[in-house]
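Notes for the one structure printed next.
These values consider heavy atoms only, across backbone and side chains, with no hydrogens, waters or symmetry-generated copies. Counting starts at 1 for both ligands and their atoms, following the listed order. Every value quoted in this text rests on a predicted model; they were computed, and no experiment measured them. Sequential numbering from 1 along the given sequence is applied to the chain's residues.
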Amino acid sequence: MLNIKKPRGTNDFFYDSSKNLEFIENKIKNIVKLYGYGRIRTPLFEYTELFTRGIGEGTDIVGKEMFTFEDRGGRSLTLRPEGTASVARAYIENSMQNEFAVNKLFYLGTMYRAERPQKGRYREFNQFGAECIGSSSPLIDAEIILLNINILKEFGIDNVNLLINTVGCSKCKPSYNNALKEAIGNKKDELCETCQRRYDINILRILDCKNDRCREIIKDIPKFYDYVCDECKEHFDRLCEELTRIGQSFTVSNTLVRGLDYYTKTAFEVQTDALGAQSAVLGGGRYDNLIGLFNNGKDIPAVGSAMGIERLLIILENQNNIISERLDVFIAAFKETENEVLKIMQKLRANNISCDYGFSAKSIKSQFKYANKRNAKYILVLGEDELKKGMCRLKNMDSTEEKEVSLNDIHSNIEK
Ligand code: HAM
């Protein structure tokens, strides 16, 4: 016997959990349409250097979380750990800048990170991402944030904490990095081993560290805002103004730098207590220098976000807030009337009514039990006597009302 289980940190979604995922994805698709986004689908795997260069060598994702393998020609490929680098590549590869001045793209799909699995943290997980490429206006940063907050609201999630920060641009980031080095310098030896390395290679990553002692050391670090250039300051001020104007509350977090290197100016994250340790349901920011990597150094401003679908699912399940679709009609038949089942189901489906039959169900009692388990709105009983008259019995499973209806007219008796 082969005893094979799914790989660690992956999930099987079926029946209710898969319906719930679909419910979430469909709702998101309808909402993003209101904001003028079009869907983009990029490959599940890309050449590895897309991520090492795009996300940054000193990040946790590139350093220890990528699923990397070689193709037959010995070229290194990686399962996508996130969507932004792929969208940036696809944007240039397909010359989307010639299509529209501003391109709004969204994606829904699986991402892969070799993290230590726990609730809300998986090795294969789904993200909804939105990327807006071509505008440097802080208005679009505000719109992306509002899009995400509105999606959460549509799912009945209001109790969230929006954190924002500015992380500067290529011009002013180095002066903040220097200030940070100076501020932490005399405590360098007290940092965890990883952060001691980060201190030399990529000091900003120390701000993401979960180690208690490291968190204590960075408590009073200088504020990014005090070191950024006038342009970045203006951008951040305007973003705060826009959010305030629209009535969106937020907290400025000096330590929010996010775990990816491509961010410039805006960084944001939405956290909720409902998730326990994995408190971030979504995150994003501006990445004005990423596209230049694929465009001969010619930068194109962009901003985006990604939401963890499994994390959203956990919140909704905790709130009992999932309304998944029900089966409209379940057919119960006797051996003598089973010949009619497929014909009746063809007609119902042609009228956009979902229906099913037990196929292996034996007694009528067990078919009723099964219909209940399937949460059907109606059960349609095909009795021999009724059938002879061209009729059947239709029972509303919620009101328990039962009536005889004509086989030619079942659909008009079904309330959708
Ligand atoms: P990120 O913060 O790495 O950003 O991921 C975004 C969201 O994906 C997280 O807030 C979380 O909800 C979910 N997520 C991340 N890792 C896992 C995991 N191992 N298991 C379950 N859920 C997870 C990005 O990916 C950026 N690409 C966001 C972005 C788009 N920035 C600009 N544009």
So, do [X] and [Y] have ring centers that fall under 6.0 Å from each other?
{"X": "Phe359", "Y": "Tyr357", "value": "yes"}
{"X": "Phe224", "Y": "Tyr176", "value": "yes"}
{"X": "Tyr287", "Y": "Tyr262", "value": "yes"}

Worksheet item: Looking at Asp16, Asp356, Asp398, which one forms a salt bridge (charged side-chain N to carboxylate O under 4.0 Å, His left out) with Arg326?
Response: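 Running salt bridge (charged side-chain N to carboxylate O under 4.0 Å, His left out) over Asp16, Asp356, Asp398 with Arg326 returns exactly one hit, Asp398.
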Discussion item. Heavy-atom contacts with ligand 1 below 4.0 Å: which residues, ordered by chain and residue number?
Written reply: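 Close residues (ligand 1, cut-off 4.0 Å): Glu82, Thr84, Arg113, Glu115, Gly120, Arg121, Tyr122, Phe125, Gln127, Glu131, Arg258, Leu260, Tyr262, Tyr263, Ala280, Val281, Leu282, Gly283, Gly284, Gly285, Tyr287, Gly304, Ser305, Ala306, Gly308, Arg311.
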Worksheet entry | Residue pair Tyr112 / Thr110, side-chain donor-acceptor N/O under 3.5 Å |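 Present: a donor and an acceptor within the cut-off.
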Discussion item. Counting neighbours of NZ on Lys188 that are heavy atoms of other residues, nucleotides or ligands and sit closer than 6.0 Å, is the number greater than 12?
Written reply: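 Buried by this count: over 12 neighbours within 6.0 Å.
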